[in-house]
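Since the structure comes first, as structure tokens, the remarks are kept for the end.
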Amino acid sequence: MATIPERHADNAFVLPAATVAGATIRAQNAQACSPVCNAASGETIGWQEHASEAMVDRAVHAARDALVAWRHSTPGARGKLLRKIAELLEADRARIAAMQMRVSGKPPFEADLDVSDAIATFDYYADLCENTALFAAETITVPDKTVLAQRTHEPVGVAALIVPWNFPMVTTAWKLAPALAAGCTVVLKPSEFTSPTEHMLVDIVSEAGVPDGVVNVVNGGGEVGAWLTAHPLVDKISFTGSTASGRKVMQAAALDMKRVTLELGGKSALVVRQDADVAHAVALAVSGAFTNAGQMCSATGRILVHDDLYRKFMAAFETAVRALVVAPPQGENVAMGPLISAAQHARVQSLVAQGVEEGAQVAFAGTLDAACKAGFFMAPLVVAEPASDNLLWREEIFGPVACVKSFRSDDEAISLANDTRYGLVATVVTQDANAARRYKAQLRAGLVWVNTPQLIFPQVCWGGLGLSGTGRELGIAGLRSYQELRHTVEARA
Ligand code: NDP
């Protein structure tokens, strides 16, 4: 927490506390705010004002006021606006990716991928809006022919969207596009670490012609999320973040029976069978564990390798990890950027220290490029054969740390992979079609990849089992999660 500086000699930006019904709301000078850092240099590049409780209330009321007109607009009209948002994002792609790099320190290919993902999501829900059958009343066959039974999918109402810092704009698009398609109005709370690109997205939403009040933003940290989730006029909460915060969101939602979608943590497994191509398995292990510096709910930080391949795999994995260029985004061939903040860096370092104290052995680590003089960089690190109760094997690390364990049979691999209270994703690498079928059926996860990197399509739902959350984003289920299923039964004339 800090106090907003009066004037910025260094041209640092100040992001407003809130955007409500198209109007920018500034905090008072004395009000708390937080710095926005460049994760690759540690420098403060701007400030993020925090909304007050009264501003959160205004934002929710604005969303409520805009709801009637928006929910009664046609899906086709909403789809045209979503399409326009996708087009404007495409036109602004370079500027948005540059901001993504400037704030999060992501390598160019990752920053660009984030923008592509957001565009694909808006395009997909624009397509769904053109599918009139998805929004029309459906007749249900019932035995009594004297009545007409129908079901409809109505917008839930005002949706609070709380998004984290690891994929800014992406997780927002996954919530915002289906919410708007469904006819909901929203109050968005971005992470205070990465709000600049969220502001760019919201500017684009407005430029596309989405009416004022349909999308409102409240910024800040500390209590803003809790004020929003507790607000009685919020009908639905979609939250992405830690399981600990997800629990609080669910508890707050229970008071008013608000609808919730929670995309939370993970501790996912990648299984390398004895018939796997080792080079391919290593490529999937590297991207699964170290993309976005491991700050992914889907990170496959538990790598299970068949005994027959273990030595060969570890040798190739070590070569690959040592070759990863960890550097600021301006460097050449950068594969991995920094962690998001000093606090996250300290948290990951502390978890590693605790794991080592508990007996985990670091097998090898990568190196930092000479350009990593400041910022929140951490070299990728691989732990070999940790005990099954070691915290590095059990807990979500959210940093560039992977654990490798050997196994001797499919039964053992499946049992180890499923030995977690999370259940977000899993990957299996095998050339045996029968084995692939078995793993798809028995790995306990919301999404299982077979021999592919972590491909995400807006058509394919995202979400986990157990402590990984509840509900699904993306796909048609993502749209339905912003709708209430209703039925009518009427006497035929
Ligand atoms: P958290 O997910 O724990 O939470 C921060 C967010 O939750 C903020 O937006 C905060 O808003 C909101 N929040 C907290 N309490 C409540 C509440 N009662 N009601 C509504 N909103 C609430 O993230 P951190 O940044 O603290 O990261 C900690 C760990 O979380 C990471 O190390 C990682 O393990 C995990 N994480 C997982 C992510 C994922 O994609 N699954 C993404 C990011 C982090 P406010 O501050 O305004 O209250």
Side-chain angles (χ1 to χ4, degrees), residues 1 17-18 32-34 39 48-53 55-56 59 104 114 160-168 170-172 174-175 187-195 198 217-231 234 236-256 258 260-268 291-299 301 339-352 376 378 391-392 394-401 422-425 446 454 456 462-464 467-470 473:
M1 287 289 196
C33 69
S34 45
Q48 171 64 77
E49 296 177 354
H50 293 182
S52 62
E53 192 169 9
M55 291 177 196
V56 171
S104 304
D114 285 358
L161 313 180
I162 303 176
V163 294
W165 40 262
N166 53 338
F167 292 101
V170 175
T171 38
T172 306
W174 290 13
K175 298 178 194 312
V187 180
L188 168 69
K189 195 200 96 63
S191 163
E192 64 272 24
F193 296 118
T194 50
S195 42
E198 311 285 17
V217 187
V218 288
N219 292 302
E223 291 174 292
V224 178
W227 290 329
L228 194 51
T229 48
H231 200 292
V234 167
K236 149 108 197 181
I237 305 162
S238 181
F239 172 84
T240 300
S242 67
T243 298
S245 294
R247 278 195 190 99
K248 291 185 197 159
V249 169
M250 204 168 193
Q251 278 167 347
L255 278 179
D256 300 311
K258 294 181 171 84
V260 284
T261 301
L262 302 173
E263 301 297 337
L264 309 175
K267 192 67 189 178
S268 300
T291 297
N292 209 32
Q295 301 168 112
M296 298 191 288
C297 46
S298 60
L339 300 182
I340 192 66
S341 64
Q344 186 64 12
H345 189 269
R347 183 181 171 275
V348 175
Q349 296 287 349
S350 156
L351 289 172
V352 171
F376 314 124
M378 176 178 165
L391 81 83
L392 294 177
R394 303 210 73 82
E395 302 298 326
E396 180 174 55
I397 307 297
F398 233 66
V401 180
Y422 294 107
L424 188 57
V425 300
Q454 297 200 355
I456 296 172
W462 183 262
L467 294 188
S468 291
T470 184
E473 297 198 286

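Just so you know, ligand 1 is whichever comes first in the structure, and atom 1 is the first atom listed for that ligand. These numbers come from a predicted model, not from an experiment.
For the 3.5 Å distance criterion, the side chains of Ser34 and Glu192 fail to qualify, holding no donor opposite an acceptor. Side chains of Thr240 and Lys175: a donor on one and an acceptor on the other come within 3.5 Å.
Within 4.0 Å of ligand 1, the residues that place a heavy atom are Ile162, Pro164, Trp165, Asn166, Lys189, Gly220, Gly221, Gly222, Glu223, Val224, Gly225, Ala226, Thr229, Phe239, Thr240, Gly241, Ser242, Ser245, Lys248, Val249, Glu263, Leu264, Cys297, Gln344, Arg347, Glu396, Phe398, listed by chain and number.
Considering every non-hydrogen atom in both Leu424 and Gly463, the closest pair reads CD1-C, 3.6 Å.
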Passes side chain to side chain contact (heavy atoms under 4.5 Å, CB included), Leu264 versus Phe239? Steps please. CA-CA 8 Å; Leu264 309 175; Phe239 172 84; 3.7 Å; yes
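Proximity of a side-chain donor or acceptor of Thr229 to a complementary backbone N or O of Gly225 within less than 3.5 Å is detected. Side-chain atoms of Thr261 never come within 3.5 Å of backbone atoms of Ser238 as a donor-acceptor pair (strictly under, hydrogens ignored).
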